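These notes concern the structure reproduced below.
Bear in mind that the values here come from a model prediction, so they are computed numbers and not experimental data. Ligands are counted one by one from 1 in listed order, and the atoms in each one are counted from 1 as well.
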Amino acid sequence: MEPVNVAVIYYSATGTVYALAQAAAEGAEKAGANVRLRKVAELAPPEAISAKPAWEQHLQDTAEVAEASLDDLAWADAVLFGTPTRFGNPASALRAFLETTGALWMRGQLADKVYSAFTASNTAHGGQETTLLALGNTFYHWGGIIVPPGYTDPVHLQSGNPYGTSHVAGSGPPNDVALQAARHQARRAADIAAALKAGRAA
Ligand SMILES: Cc1cc2nc3c(=O)[nH]c(=O)nc-3n(C[C@H](O)[C@H](O)[C@H](O)COP(=O)(O)O)c2cc1C
């Protein structure tokens with residue numbers, strides 16, 4: 001059986017979600033998957049970016065990360081999406097990418113894949129669950145198979161969010177618990193995608 005293909009597609013302004021995305025990519029690789037780590041295009045105007053040094057710096061630091069394309073979605077057996085919480089919702093840059101997927105959706109090419117999501121917010125009650133559930137709405141429309149972490153590993157009891165790995169950015173960069181949770185979530189998504197692939201081939 002060929003390894004499964006896992007795309008980790010994220011938006012990050014100041015690096016928090018990028019760190020989680022890197023951990024998710026590692027977790028999927030550990031599960032034996034082919035992995036593509038992809039950022040979505042930055043849409044903010046240059047003056048907004050340059051007004052926040054950490055944003056400008058992160059853009060420079062991740063200049064080499066490839067941008068997500070529709071081919072990444074078509075290629076993937078499982079997709080993990082990462083986004084900061086923005087007023088309780090996914091960031092508009094990620095939404096903009098999702099809203100380019102109409103043709104794939106109409107051809108049924110987004111259905112029957114595994115989807116999972118992770119996020120960060122500044123505060124503990126700042127909307128992590130609402131962001132993850134909002135992304136879930138799109139997965140439902142696609143006919144996706146949503147694979148949340150639940151509490152399937154003890155690390156999720158520590159990180160505390162069964163809807164998807166999340167981190168409180170206001171308390172600093174992602175710690176070991178958050179990174180381990182992201183790795184486990186991706187490993188689980190890859191494992192379920194592999195089981196589906198094997199079942200379909202049988
Ligand atoms: C426009 C905007 C809206 C935000 N809304 C929220 C929010 O609703 N709740 C919250 O806790 N943090 C909010 N934040 C903080 C971001 O979630 C936080 O900066 C982000 O998780 C950091 O991720 P990043 O480093 O990957 O960009 C907001 C930030 C911006 C710029």
Side-chain angles (χ1 to χ4, degrees), residues 6-29 35-69 72 79-99 115-139 148-149 155-156 158-186 189:
V6 174
V8 180
I9 297 178
Y10 74 94
Y11 175 75
S12 180
T14 54
T16 313
V17 172
Y18 175 55
L20 296 177
Q22 286 180 302
E26 285 165 22
E29 268 161 18
V35 179
R36 292 184 186 178
L37 175 64
R38 300 286 188 262
K39 67 186 180 196
V40 296
E42 178 59 76
L43 301 178
E47 57 274 20
I49 295 167
S50 59
K52 194 167 179 186
W55 194 353
E56 198 163 44
Q57 184 64 50
H58 178 68
L59 266 185
Q60 284 170 21
D61 291 347
T62 53
E64 300 306 315
V65 177
E67 276 190 9
S69 69
D72 298 320
V79 189
L80 290 105
F81 288 100
T83 176
T85 288
R86 292 277 168 92
F87 303 129
N89 273 294
S92 59
L94 182 63
R95 286 294 326 157
F97 175 69
L98 296 177
E99 290 174 23
Y115 297 104
S116 202
F118 54 92
T119 191
S121 66
N122 247 354
T123 59
H125 303 286
Q128 296 177 342
E129 283 97 331
T130 53
T131 297
L132 295 170
L133 292 172
L135 273 175
N137 288 337
T138 297
F139 306 153
V155 75
H156 296 295
Q158 287 177 267
S159 72
N161 193 338
Y163 301 89
T165 298
S166 54
H167 178 67
V168 178
S171 39
N175 53 19
D176 280 351
V177 169
L179 297 176
Q180 197 45 39
R183 286 188 199 106
H184 176 265
Q185 181 177 352

Kindly indicate whether the side chain of Tyr10, heavy atoms from C-beta on, has any atom under 4.5 Å from the side chain of Val65. yes
Can you tell me if Thr119 uses its side chain to pair, donor with acceptor, with the backbone of Thr83 under 3.5 Å? yes
If you measure only the distance, is there a donor-acceptor pair under 3.5 Å linking the side chains of Arg95 and Thr138? yes
Using distance alone, decide if ligand 1 has a nitrogen or oxygen within less than 3.5 Å of any nitrogen or oxygen in Thr123. yes
How many angstroms lie between atom CZ of Arg183 and atom CG of Leu20, to the nearest 0.5 angstrom? 10.0 Å
Starting from atom 12 (N) of ligand 1, locate the nearest protein heavy atom and write down its residue, its atom name and how far away it is, to 0.1 Å. Asn122 N, 3.1 Å
Gly88 to ligand 1: N or O pair under 3.5 Å? yes
So Tyr115 and Phe81, would you call those rings parallel, tilted or perpendicular, with 30° and 60° as cut-offs? parallel
Which option out of Thr131, Leu20, Thr14 puts a heavy atom nearest to atom 25 (O) of ligand 1? Thr14
Counting each atom of ligand 1 from 1 as listed, which ones have a heavy atom of Ala13 under 4.0 Å away? 24 (P), 26 (O), 27 (O)
Does an N or O from Gly126, backbone or side chain, lie closer than 3.5 Å to an N or O of ligand 1? yes
How many angstroms lie between atom CG of Leu133 and atom CG of Asn137, to the nearest 0.5 angstrom? 7.5 Å
Which ligand 1 atoms, with their elements, are less than 4.0 angstrom from a heavy-atom of Thr16? 22 (C), 23 (O), 24 (P), 25 (O), 26 (O)
Do the non-hydrogen side-chain atoms of Asn89 and Thr130 ever get within less than 4.5 Å of each other? no
Among all protein heavy atoms in this structure, tell me which lies nearest to atom 5 (N) of ligand 1, with the distance rounded to 0.1 Å. Phe87 N, 2.8 Å
Distance to 0.1 Å, residue and atom name: give those for the protein heavy atom nearest to atom 20 (C) of ligand 1. Pro84 CB, 3.6 Å
Heavy atom of Gly15 under 4.0 Å from ligand 1? yes
Identify, by atom number and element, the atoms of ligand 1 in contact range of Ala120, meaning under 4.0 Å from any of its heavy atoms. 17 (O), 21 (O)
Nitrogen or oxygen atoms of Thr85 and ligand 1 under 3.5 Å apart: yes
Just verifying a value: how many Å separate Leu80 CG and Leu37 CG, rounded to the nearest 0.5 Å? 11.0 Å
Please determine, by modelled atom types, if Thr85 and Thr131 share a side-chain donor-acceptor pair under 3.5 angstrom. yes
Is there a side-chain contact between His167 and Val177 (heavy atoms, below 4.5 Å)? no
Starting from atom 26 (O) of ligand 1, locate the nearest protein heavy atom and write down its residue, its atom name and how far away it is, to 0.1 Å. Ser12 OG, 2.6 Å
Return yes or no for this condition: an N or O of Ala169 is under 3.5 Å from an N or O of ligand 1. no
Among all the protein's non-hydrogen atoms, which is closest to atom 2 (C) of ligand 1, and how far away is it? Arg86 CD, 3.1 Å
